[in-house]
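Here is the structure we will look at, set down as structure tokens.
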Number of protein chains: 2
Amino acid sequence: MASSGTESRRVTIHDVARSAGVSRQTVSRALNNKGEIHGSTKQRVLDAALALGYRPSRFARGLVRQDTISVGLVIPDLLNPFFTEVAAAALEAARAHGWHVLVYDTADSAEEERGTLQVIASQVDAVVGYFSRSEDEIEKLTRGLPVVLIDRERRSDRFSAIRIDGEAGVQAAITHLVEKGHRRIGMLDHAGRAEPSVRHAWFAAATAACGLDEGPVCRADQSVEGGESALETLLAEHPDVTAVFTFNDIIAIGALRAARRLGRSVPRDLAVIGFDGLRLGTLVEPPLSTVALDTRGLGALAVEQAARLLTGSGPLTPDELVVRAELRLRESG
Amino acid sequence: MASSGTESRRVTIHDVARSAGVSRQTVSRALNNKGEIHGSTKQRVLDAALALGYRPSRFARGLVRQDTISVGLVIPDLLNPFFTEVAAAALEAARAHGWHVLVYDTADSAEEERGTLQVIASQVDAVVGYFSRSEDEIEKLTRGLPVVLIDRERRSDRFSAIRIDGEAGVQAAITHLVEKGHRRIGMLDHAGRAEPSVRHAWFAAATAACGLDEGPVCRADQSVEGGESALETLLAEHPDVTAVFTFNDIIAIGALRAARRLGRSVPRDLAVIGFDGLRLGTLVEPPLSTVALDTRGLGALAVEQAARLLTGSGPLTPDELVVRAELRLRESG
DNA sequence: TTGAAAGCGGTACCAA
DNA sequence: TTGGTACCGCTTTCAA
């Protein structure tokens with residue numbers, strides 16, 4: 001009996017109209033604060049609506065005045081501070097447009113990503129975010145929705161993609177390390193994909209440009225723990241390494257911790273430079289040097305492109321869809 | 001000329017139908033993979049839809065099959081790691097229900113909060129989150145929407161509220177400090193509201209229970225910098241303080257930094273215990289002792305209550321809507 | 001297998 | 001100031 005009593009149908013504008021003894025449009029007027037309605041009538045309608053617990057259907061309303069825009073923001077892991085920053089920036093940019101943002105955390109899982117992509121198409125006007133699946137699949141699942149990919153190499157021009165250009169920043173980082181006297185520089189790359197990351201390519205190019213031998217590379221999970229164990233492995237196999245560049249700041253922070261545990265003083269015995277420019281990097285000891293990205297700019301750019309795609313006003317070109325990274329020296333390297 | 005060419009009206013199911021030479025319901029069938037349709041017809045429709053760039057209106061669709069549920073998650077500052085954790089937990093819980101989540105960051109501003117509340121009602125089926133405005137105002141703006149308030153004392157029973165009970169945890173923290181020999185324990189409260197926080201009340205009760213004099217209190221902004229300057233002020237005015245309890249972990253981390261700068265070794269010269277139990281606390285040096293909250297449980301509980309409110313299946317009672325905090329000793333105190 | 005018609009719950013435009 | 005009517009874009013029911 002407990003759950004059967006609440007078997008109530010939705011309260012519609014019609015119910016309110018009947019209850020107040022007026023027509024539907026009068027109810028509409030009362031609720032939307034239009035003029036052209038008698039004060040007492042309005043009050044009566046409002047009372048009826050309240051008594052009935054009436055709430056207008058967002059679908060019906062959206063159908064007739066198609067003004068609200070919603071975008072889907074897809075993030076692999078909201079707890080990763082980098083994505084948190086991007087998400088916050090995107091939220092802010094969307095708010096400036098008056099848009100609503102539906103956030104989906106795919107938990108770094110291709111399966112969740114698929115599920116998200118599947119349901120998202122019917123809920124939003126555009127999609128922005130990080131994806132691991134192929135463009136073909138994304139295309140199939142989003143069916144013509146404007147999509148803005150972040151930090152991905154564009155294989156076709158079906159989608160917009162925000163490219164992260166860290167080449168110069170990484171070069172500056174390596175040059176800096178070399179000037180400090182480092183000759184054996186390793187890298188902690190991320191372990192997500194099969195191939196080495198683009199950041200690794202920048203690293204390799206930079207060391208080569210400095211005339212160094214190719215440094216040793218170790219794969220790390222994208223977590224503090226991942227960074228810790230990766231650094232341990234790297235140093236165990238290559239004790240001569242005096243500096244490391246990491247795929248991102250999270251991994252770098254792990255490296256910092258591992259270094260301390262191993263009794264290596266940073267930056268004296270080991271220099272560490274990360275990538276991303278997280279605020280978090282200023283809180284650790286020593287503060288983390290990093291190749292910093294403008295995460296706010298990134299989020300804003302992604303939303304801006306979505307806006308242009310949506311309005312059909314000349315979208316940004318690939319040349320403009322770039323966020324550059326620059327070396328930010330603190331104390332770790 | 002550039003922008004005028006794209007003045008296109010929305011492509012509707014009707015356009016597709018005409019283009020494919022079929023009726024609208026046939027288009028619907030083709031797109032929704034219903035049976036009862038000839039293979040070739042289906043293909044023709046699909047082709048036409050693709051060519052026209054057709055995408056079904058989510059409003060029209062939602063109107064007829066009212067199955068998707070969306071909740072609004074309102075957060076004061078997504079970049080504050082505590083709220084990030086709560087948001088991530090809520091997202092996860094919502095996903096388990098198959099719900100969509102619209103996230104709003106009110107930037108700690110009562111004005112933004114008002115704006116959010118205003119637009120949110122027409123977009124979601126329920127609201128969950130942090131609010132600073134009075135229940136009257138929230139009520140007025142949400143008009144009957146189910147609302148779950150987090151970390152707020154309930155003044156009426158118009159809303160559900162998740163209460164955070166840190167009394168025992170704080171008592172344990174203070175007891176621990178006293179056992180360590182501390183006699184003069186200060187607090188860094190937050191500076192947001194006019195009155196002292198509930199956490200301060202717990203602190204005061206705990207020190208009193210331990211037979212201590214009332215410790216000095218200093219207000220701090222909810223940021224690392226806020227914690228830094230607050231600790232400096234506190235120690236300048238009360239140099240005899242040997243331990244501090246803080247409103248939250250962020251402030252505590254600021255205190256840690258300030259202590260280092262002041263040459264006070266933690267925990268030897270100054271013990272610090274925070275509140276929240278952020279993961280971040282494990283990354284700082286020394287790792288932060290804290291009165292920890294189960295943030296995942298918090299997010300899940302909030303969403304669970306929203307679900308019950310929505311389905312009308314017996315909502316959780318105030319007694320059940322509580323998240324308790326417990327002392328988690330690491331190294332800072 | 002296909003199409004016609006009737007809504008879903010609102011709002012806008014008109015006439016009363 | 002009010003109500004009638006049409007219609008937003010889609011899906012469902014029922015008949016052809």
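What's counted below: heavy atoms across the whole structure, side chains too, no hydrogens, waters or symmetry copies.
- Computed from coordinates, the D15(A) CG to dG9(C) P distance equals 9 Å when rounded to whole Å.
- Taken from OG1 in T311(A) to CD1 in I69(A), the straight-line distance is 8.5 Å, to the nearest 0.5 Å.
- Residue pairs meeting the ring pair (Phe, Tyr, Trp, His ring centres under 6.0 Å) criterion with at least one partner in residues 90-113 of chain B, sequence neighbours excluded, are H100(A)-Y104(B), Y104(A)-H100(B), H97(B)-W99(B).
- Contact annotation for K42(B): no contact, since no heavy-atom pair falls under 4.0 Å across all strands.
- Residue T26(B) places no side-chain N or O under 4.0 Å from the OP1 or OP2 atom of dT2(C).
- For S40(A) and Q43(A), the side-chain atoms include no donor-acceptor pair closer than 3.5 Å.
- Salt-bridge formation is detected for the pair E92(A)/R296(A): a Lys NZ or Arg NE/NH1/NH2 atom is positioned less than 4.0 Å from an Asp or Glu carboxylate oxygen.
- Nearest to the side-chain atoms of I13(A) among the listed nucleotides dG10(C), dT2(D), dT5(D) stands dG10(C).
- Among residue pairs with one or both ends in residues 25-47 of chain B, none qualify as ring pair (Phe, Tyr, Trp, His ring centres under 6.0 Å); sequence neighbours excluded.
- Here V27(B) lies out of heavy-atom contact (under 4.0 Å) with every strand.
- Each of H38(A) and F59(B) was assigned the nucleotide of DNA chain D with the nearest heavy atom; the assignment lying further toward the 5' end belongs to H38(A).
- Nearest-nucleotide positions on DNA chain C place R44(B) closer to the 5' end than the other of L63(B) and R44(B).
- Side-chain nitrogen and oxygen atoms of R29(B) include none within less than 4.0 Å of the OP1 or OP2 phosphate oxygen of dT2(C).
- Distance from the side chain of A60(A) is smallest to dG10(C) among dG10(C), dT12(D), dT2(D).
- Taking five base pairs at each end of the helix from dT1(C)-dA16(D) to dA16(C)-dT1(D) and finding the rotation axis that steps the C1' atoms of four pairs onto the next four gives two axes whose angle is 40°, to the nearest 10°.
- Closest to the side chain of T12(B), out of dT12(D), dG10(C), dG9(D), is dG9(D).
- Under the 3.5 Å distance criterion, with hydrogens and angles disregarded, a donor-acceptor pair is assigned to the side chains of S28(A) and N32(A).
- Taken residue by residue, residues 45-55 of chain B places heavy atoms nearer than 4.0 Å to DNA chain D at Y54(B), R55(B).
- R95(A) pairs with exactly one of D105(B), T116(B), T106(B) by the side-chain hydrogen bond (donor to acceptor under 3.5 Å, both in side chains) rule, that one being T116(B).
- Legend: ring pair (Phe, Tyr, Trp, His ring centres under 6.0 Å) pairs involving residues 113-141 of chain B, not counting sequence neighbours, sorted by first then second residue: F83(B)-Y130(B).
- Side-chain nitrogen and oxygen atoms of S57(B) include none within less than 4.0 Å of the OP1 or OP2 phosphate oxygen of dG9(D).
- Every residue was checked against the ring pair (Phe, Tyr, Trp, His ring centres under 6.0 Å) condition with H14(B), not counting sequence neighbours, and none meets it.
- Comparing dT2(C), dT11(D), dT5(D) by their closest approach to the side chain of T41(B) singles out dT2(C).
- Residue-to-nucleotide proximity on DNA chain C shows that, of Q25(B) and N32(A), the 5′-proximal contact is made by Q25(B).
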